[in-house]
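Presented below is the structure to which this report refers.
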There are 2 protein chains.
Amino acid sequence: MTEARKPGFSDCNNATLRRAARSLGRFYDDALGPTGLKSTQFGMLFQIHISDEPAMGAIAEALIMDLSALGHTLKPLIRDGYVETFADKDDRRVKRVRLTPRGQAKLDEALKLWSIAQRQFEEKVGAEQAAKLRAALDAVADLDLEMPAAAPSN
Amino acid sequence: MTEARKPGFSDCNNATLRRAARSLGRFYDDALGPTGLKSTQFGMLFQIHISDEPAMGAIAEALIMDLSALGHTLKPLIRDGYVETFADKDDRRVKRVRLTPRGQAKLDEALKLWSIAQRQFEEKVGAEQAAKLRAALDAVADLDLEMPAAAPSN
DNA sequence: CGGCAAAAGTGGCATATGCCACTAATTGAA
DNA sequence: TTCAATTAGTGGCATATGCCACTTTTGCCG
């Protein structure tokens with residue numbers, strides 16, 4: 001447990017972030033295990049829940065995820081009857097998403113377990129620190145990063 | 001909690017972390033694009049590079065990733081000739097990993113582009129802040145989190 | 001109005017990751 | 001030495017995500 005953490009690797013912001021994401025993801029996944037939902041699916045249901053019948057593009061933007069990735073991620077949730085989609089009344093290109101009653105119930109169920117996990121985490125890290133970390137992560141996520149050579153375009 | 005700001009979601013440490021990871025991952029992926037490597041693959045090559053012919057289990061532990069996931073992740077790198085494996089001399093269960101000359105060359109090539117991305121990031125965030133963030137993420141990754149009910153009485 | 005660019009999704013293909021069930025190789029007793 | 005328990009990986013299955021090539025709708029412009 002020593003030679004593996006040589007300097008250099010932990011310098012990569014991206015690698016460090018992914019590593020933490022794998023670690024924390026597992027914890028939340030375990031916590032939500034009894035519900036049969038992955039932490040990512042829980043997050044998706046919650047995002048839909050707090051939005052008002054959002055269009056797929058809106059969800060993708062909010063979560064900073066690829067639209068097609070969103071579509072793929074939604075499939076299991078639709079298959080399991082937690083989520084349903086319907087065409088927008090004014091723009092037939094737009095597909096809106098909403099929770100089914102079953103999905104709402106599952107979310108409620110998951111929220112209980114999520115709260116426990118969340119509390120566990122904040123007990124270890126400190127609510128204050130956790131909030132700061134989330135703020136920092138949101139800031140990073142919202143950065144407008146561009147590679148030098150590719151920057152000038154539009 | 002202001003209902004208007006749709007609280008809750010951004011309160012989830014895990015969801016926030018994943019969102020940031022998607023965002024930053026895309027940036028590093030773009031940066032490494034010309035090399036044909038994903039940021040995850042770059043990280044893997046680097047990890048192998050800084051280790052001394054590590055066993056798969058050692059890599060998995062260092063990166064906090066599932067051993068089988070590591071195996072899967074390694075396949076494309078082996079297929080493309082960047083990495084090779086060989087059995088440990090003393091314990092035939094153990095499979096060690098090393099970069100091929102081709103893999104070493106690819107890593108060198110990628111390091112140049114990675115440096116640019118890394119610099120871009122630190123220019124935006126500040127090297128100081130970036131270091132703090134990485135430290136915080138490492139701390140989170142190394143937390144010993146356990147769900148109350150599931151915690152074995154020890 | 002006709003045609004073309006932009007916007008919103010879909011599907012296919014590929015990598016990233018996890019869990020579980022197994023197999024092979026070791027180790028630690030009895 | 002023999003056998004159960006442990007350790008290290010593998011393979012299969014499922015979800016998570018991205019990119020690219022299309023298809024369908026719109027929106028806009030001459």
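Predicted model, so just to flag it, every value in this text is computed and none were measured.
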Looking at A:Ala31, is its backbone amide N or carbonyl O close enough to the side chain of A:Gln120 to form a donor-acceptor pair, meaning the two atoms are under 3.5 Å apart? no
Which heavy atom of A:Leu107 sits nearest to which heavy atom of A:Leu45, and what is that distance? CD2-O, 4.1 Å
Distance-only, no hydrogens or angles: does the A:Arg102 side chain make a donor-acceptor pair with backbone N or O of A:Asp80 under 3.5 Å? yes
To the nearest angstrom, the CZ-C1' distance between B:Arg22 and C:dA16 comes to 14 Å
So does B:Asp52 pair up with B:Arg96, basic N to acidic O under 4.0 Å? no
Please determine whether a side-chain nitrogen or oxygen atom of B:Arg26 lies at a distance below 4.0 Å from atom OP1 or OP2 of D:dC19. yes
Under 4.0 Å from OP1 or OP2 of D:dA8: is there any side-chain N or O of B:Arg92 that close? no
Starting at atom NZ of A:Lys38, determine the distance to atom C1' of D:dT17, rounded to an integer number of angstrom. 13 Å
Answer with base, sugar-phosphate or nothing: what part of the nucleic acid does A:Asp91 contact at a heavy-atom distance below 4.0 Å? sugar-phosphate
How long is the line joining CG of B:Asn14 and P of C:dT17, in whole Å? 14 Å
Gap between atoms CE and P, on A:Met44 and D:dA14 respectively (whole Å): 20 Å
Atom CD of B:Gln41 and atom C1' of D:dT17 are separated, to the nearest Å, by 14 Å
Length of the line joining B:Asp88:CG and D:dG9:C1', which is rounded to integer Å: 13 Å
Interatomic distance, B:Asp30 CG vs D:dC19 C1' [rounded to whole Å]: 10 Å
What I want to find out is whether B:Arg134 reaches B:Glu122 closely enough, with some N-O distance under 4.0 Å, to be called a salt bridge. yes
Need to verify one output field. Residue with the more 5' nearest nucleotide on DNA chain D, A:Pro76 or A:Ser68? A:Pro76
Distance check needed: D:dA8 P versus B:Asp90 CG, whole Å only. 14 Å
OP1 or OP2 of D:dA16 sitting under 4.0 Å from any side-chain N/O of A:Thr40? yes
Does C:dT17 have its OP1 or OP2 closer than 4.0 Å to a side-chain nitrogen or oxygen of A:Arg18? yes
Per nearest nucleotide of DNA chain C, the residue lying toward the 5' end, B:His72 or A:Leu67, is A:Leu67
When you measure from the side-chain N and O atoms of A:Arg96 to the phosphate of C:dA8, is any distance below 4.0 Å, counting only OP1 and OP2? no
hbond_proxy B:Arg93 side chain to D:dT7 base (donor-acceptor, 3.5 Å cutoff): yes
